[in-house]
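Take a look at the structure set out below.
Numbered from 1 within each chain, the chains take letters A, B, ... in sequence-line order.
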2 protein chains.
Amino acid sequence: MVVVSFPEPLLRDAVGDVPGVDSVIWDPGSGPADDDRIEVVIAPYLGAAHKLGTVADLPQCRLVQLQSAGYDGVLEVVPETVGIANAAGVYDAPTAELALGLTIASLRGIPEAVRSGDRATWQPLGQRTSLADRRVLIVGYGSVGTAIARRFSAFDVSLTAVASRARGGDDLVDVVHGIDELPALLPEHDVVVVIVPLNESTTRLVDDTFLSTMPDGALLVNVARGPVADTDALVRHAGRLRIALDVTEPEPLPDGHPLWTAPDVLITPHAGGNTTALLPRMADLVREQLALIVAGEAPHHLVRPIVKT
Amino acid sequence: MVVVSFPEPLLRDAVGDVPGVDSVIWDPGSGPADDDRIEVVIAPYLGAAHKLGTVADLPQCRLVQLQSAGYDGVLEVVPETVGIANAAGVYDAPTAELALGLTIASLRGIPEAVRSGDRATWQPLGQRTSLADRRVLIVGYGSVGTAIARRFSAFDVSLTAVASRARGGDDLVDVVHGIDELPALLPEHDVVVVIVPLNESTTRLVDDTFLSTMPDGALLVNVARGPVADTDALVRHAGRLRIALDVTEPEPLPDGHPLWTAPDVLITPHAGGNTTALLPRMADLVREQLALIVAGEAPHHLVRPIVKT
């Protein structure tokens, strides 16, 4: 039997019985485990990087399965002999639908309608820019980026995708452009959705130069991580551009920060993931990963390989 | 040459030259035409039913091309010898994208985020219901209803369609249910989008019984016409249900009406059509219709046949 620790019963119950697996409950943030047979640790939903140091005390541990797509800070605290898998794919649907929701809301004037409604008065929105016919640029074309592109593709738009390196296309785009082509691509697009992973090369990717290159009236959507954009530059370009953000830097955005009151800025409070979509998808992923491990095969989405067998 | 009147130059210029067509500018709402050669009248964008009485004075007129999808009141004012075509298809994209925007905004808490933002404060939204995994019922499965279904189909939902009569399915749904099946279908769906034409049988279709049959926490989206729903019943069910409306009865909704302040109600001010998507699609339709007429063929979307040749 492979002994697997779950941080709480909710996810374990959603996963259900997996042949060959013996499950225990252990929250790595609560202190050392009292079961040294644990081979696979399912990380807590939040704060994994701060909690996973206790994995070092588990002699049999060979894999940490994260519940997040990002893994900043995790590689540093988990012993090098332990493999790490992220939860790629689990966040695709909820993040992608919020990206579309932010885009349509911003273009079609839903925030303005909410404000009129709160004043209990009917205020026509005038002619708005439709999503239909827009040229949409997806910056970051991994699992979530592709899910975003798939949803946009149903809306009569033209789609362009950018990833860290140029490569061939798929059923949604003819080619995937390299990120070095951004300066040429940005002026030709009306909606730019940023969904890159946060790392050294993407920190402040969306800076004054990036935003200056976007045409007047274009829409920037950031559903990646706050530090991917330069907040001061966002404030400066708000109004000339429309801006919709699910993430900010700093985060939470402090009360009274100038970004709150900048024109044509719509902010959701990092709400991309936390939905009813999460638990069934996380359970599906964990079930599949555990079945692979029991079968002696490599699990999916390894961000650091397994070395113990 | 077929003489065609346009209500204003903008649309005529967007249509451009059509072989065999001689175009003139005449707004039917401005009084009798001074050109009795007019065979085809392009109706004004707004208020067609109130303006088209002057068509009776045109001895050669055989077709009125509406710029709207709806044609309530038009059949009564245009002489019976004159055919009438509506603008089916032109509103598909902008209306469908607003239906999706209202749905995602309501489910994912964008109105709540706008309100926190206006108070310049970060207020987490907690766990929200995702659009992914929802059971979506489209009530009204014509041109716009199909466009709405096509967009929803990219969001990991299950789709059910209802039309006035049961019929076979398409690439989006296995079957189209008849409207008599609504009482059995409503309890099984989480999102109900209403996009029926307004007529005697659809007036107050969404009444207390309809809404009572929807499960707690379900979302009603009305992008059809205001009188399709019973406003008092909407006010009563708001809170138990989420409600998103692009149309109201009366419309405009009066200042201070109780629907404005009912809980979990999101209202846009009949903004489904008026977007940049309209002019190119209207021009494409008119161009195609005129080419058919010049070729001696029947135009599309006739809501009353042409009798003169």
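Only the backbone of B:P254 comes within less than 4.5 Å of a heavy atom of chain A; no side-chain atom from C-beta onward does. With a 4.5 Å cut-off on non-hydrogen atoms, A:R115 touches chain B through its side chain but not through its backbone. For A:P124, the part lying under 4.5 angstrom from a heavy atom of chain B is the backbone only. For B:Q123, the part sitting under 4.5 Å from any heavy atom of chain A is the backbone (N, CA, C, O) and nothing else. Using a 4.5 Å cut-off between heavy atoms, B:L98 touches chain A through backbone and side chain atoms alike. The contact between A:A271 and chain B is made by backbone and side chain atoms together, counting heavy-atom distances below 4.5 Å.
Scanning both residues, B:G126 and A:N274, for their nearest heavy atoms gives C-ND2, 3.5 Å.
For chain B, the option among A:T261, A:L102, A:L253, A:L107 with the highest count of heavy-atom pairs below 4.5 Å is A:L253. Looking only at heavy-atom pairs under 4.5 Å with chain B, the residue among A:G273, A:A105, A:G256 that has the most is A:G256. In terms of heavy-atom pairs under 4.5 angstrom with chain A, the leader among B:D118, B:I267, B:T103 is B:D118. Per-residue heavy-atom pair counts under 4.5 Å with chain B were compared for A:A96, A:S116, A:G101, and the maximum is reached by A:G101. Interface summary for chain B: among A:V265, A:L266, A:T121, A:L125, the most heavy-atom pairs under 4.5 angstrom belong to A:T121. In terms of heavy-atom pairs under 4.5 angstrom with chain B, the leader among A:A113, A:S153, A:P280 is A:A113.
Within 6.0 Å of CG in A:D174 there are 12 or fewer heavy atoms belonging to other residues, nucleotides or ligands.
Interatomic distance, CG of A:D133 versus OG1 of B:T275, reported as 8.0 Å (0.5 Å rounding). With rounding to the nearest 0.5 Å, the separation of CH2 in A:W260 from CZ in B:R119 is 9.5 Å. Atom CD of A:E97 is separated from atom CZ of B:R134 by 9.0 Å, given to the nearest 0.5 angstrom.
For the pairing with B:R151, the side chain to side chain contact (heavy atoms under 4.5 Å, CB included) check across A:L100, A:I104, A:L131, A:D156 returns one residue only, A:D156.
Between the side chains of B:T276 and A:S130, at least one donor-acceptor pair of N or O atoms lies under 3.5 Å.
By the 4.5 Å heavy-atom criterion applied to side chains, B:R108 and A:T268 are not counted as neighbours.
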